[in-house]
Amino acid sequence: LVSAIPMDPGHFATLFFDITERKAAERRLQDSIRDLGALFDTSQFFLGQVDLPSTLQRTCRLAVERFGVRMAWIGLLEENAVHPAASYGDTGGYLAAVTIQADDSTLAGGPADMAIRRAEASTVNRIATDSHSRPWRDRALQHGFRSAAALPLRHAQDALGSLNVYSGDEDFFTAERMQVLQSLANLAALALVRSRLFAQAQQNAAELEQRVAERTAQLETALRELE
């Protein structure tokens, strides 16, 4: 910012103000307001959902459309392996070759694996140079990804899976953005737990109904034999 102040007739004092930091702070504030608004809208959607596949798919879509990431996918932990359960924005087939082990194998060590094993968020903000990205760096760069993060789907002290997000920009996953994305992952985790509890309740009800039917048939048979 440049400002000219009149001094003596025909003379001006020119002042220069560096407002770069202020503009950056304003952008961060605007981003935070936008992200929090998107998170509120997302929470309203999650309140009435029990269908797990559509909920996980919607989570990935929201991460791309409302939170500005380039691609998102959710992986669920099953027998020490992370299996993709939903994705959005994977137009280049990146997930087709993704194999992740949540153990000490050579396939472990990426953001998704670390987020699940430690039950805490993991970021690689510069894929091109970060040593932890070496096993999957070339493929990620070929797909235009420059930074990546994984947010655990936490339940109690364990991680059931992870929300994995990618950006075409380096240093995209700031502390503020990670907080909002973790909140989104928490909503997905809640939906996952609720869906599994609902499925278990349905199974228990069906088993109880079957036992009641069998017991009723036994009693009816016994009554007929007494007649």
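In this text, all values refer to a predicted model and were calculated from it rather than measured experimentally.
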*State the CG-OG1 distance between L181 and T59, to the nearest 0.5 angstrom.*
11.5 Å
*Please report the C-alpha distance between W73 and Y166 in whole Å, then the side-chain angles of each, then the deciding distance to 0.1 Å, and finally whether the side-chain hydrogen bond (donor to acceptor under 3.5 Å, both in side chains) criterion is met.*
CA-CA 9 Å; W73 64 280; Y166 302 78; 3.1 Å; yes
*Exercise: identify the closest heavy-atom pair between A188 and L153*: CB-CD2, 4.1 Å
_Using side-chain heavy atoms (C-beta onward) and a distance below 4.5 Å, is P152 in contact with S162?_
no
*Can you see which heavy atom on C60 is nearest to which on A86, and at what distance?*
SG-O, 3.6 Å
*For L192 and L52, run side chain to side chain contact (heavy atoms under 4.5 Å, CB included): C-alpha distance rounded to whole Å, both residues' side-chain angles, the deciding distance at 0.1 Å, then the answer.*
CA-CA 6 Å; L192 173 60; L52 183 59; 3.5 Å; yes
*May I ask you to test the I74-N164 pair for a side-chain heavy-atom distance under 4.5 Å?*
no
*Atom OG of S131 and atom CZ of R137: how far apart are they, to the nearest 0.5 Å?*
7.5 Å
*Side-chain contact, heavy-atom cut-off 4.5 Å: L141 with I127?*
yes
*Go through the side-chain N and O atoms of D138 and Q142 and say whether any donor and acceptor fall under 3.5 Å apart.*
no
_Looking at R146 and S167, would you say the former's side chain and the latter's main chain have a donor-acceptor pair under 3.5 Å?_
no
*With sequence neighbours excluded, tell me which residues meet ring-ring contact (aromatic ring centres under 6.0 Å, His included) with F172.*
none
*asked:* Do V165 and V64 have side chains that approach each other closer than 4.5 Å (heavy atoms only, starting at C-beta)?
replied: no
*Counting only heavy atoms not in H143, do more than 12 sit closer than 6.0 Å to its NE2 atom?*
yes
*asked:* Per the salt bridge (charged side-chain N to carboxylate O under 4.0 Å, His left out) rule, what does the pair list look like for residues 126-135, sequence neighbours excluded?
replied: R126-E170, R126-D171
*Answer whether the closest heavy-atom distance between the side chains of L184 and L163 falls below 4.5 Å.*
yes
_Side-chain (T174) to main-chain (R177) donor-acceptor, under 3.5 angstrom_ = yes
*Taking the side chain as every heavy atom from C-beta outward, state whether F173 and V124 have any pair of such atoms under 4.5 Å apart.*
no
_Heavy-atom pair of closest approach, residues W136 and A148_ = CH2-CB, 4.2 Å
*Any chance you could measure M71, atom CE, to S87, atom OG, to the nearest 0.5 Å?*
7.0 Å
*Let me see the working for N125 and T123 under side-chain hydrogen bond (donor to acceptor under 3.5 Å, both in side chains), right down to the final yes or no.*
CA-CA 6 Å; N125 259 321; T123 60; 4.5 Å; no
*Take L151 and M178, measure what side chain to side chain contact (heavy atoms under 4.5 Å, CB included) needs, and give me the verdict at the end.*
CA-CA 8 Å; L151 301 306; M178 289 296 290; 3.4 Å; yes
*In terms of heavy-atom contacts, does CZ of R118 have more than 12 from other residues, nucleotides or ligands at under 6.0 Å?*
no
*Go through the steps for R154 and Q182 under the test side chain to side chain contact (heavy atoms under 4.5 Å, CB included), then give the verdict.*
CA-CA 10 Å; R154 287 189 293 240; Q182 184 60 66; 3.7 Å; yes
*Under the 3.5 angstrom rule, does the side chain of S133 hit a backbone N or O of T129 as a donor-acceptor pair?*
no
_V69 side chain near Y88 side chain, heavy-atom distance below 4.5 Å_ = no
_Counting C-beta onward and ignoring hydrogens, is there a side-chain heavy-atom pair between H155 and L160 closer than 4.5 Å?_
yes
*Looking only at non-hydrogen atoms, find the nearest pair between A115 and S122 and report the distance.*
N-CB, 4.2 Å
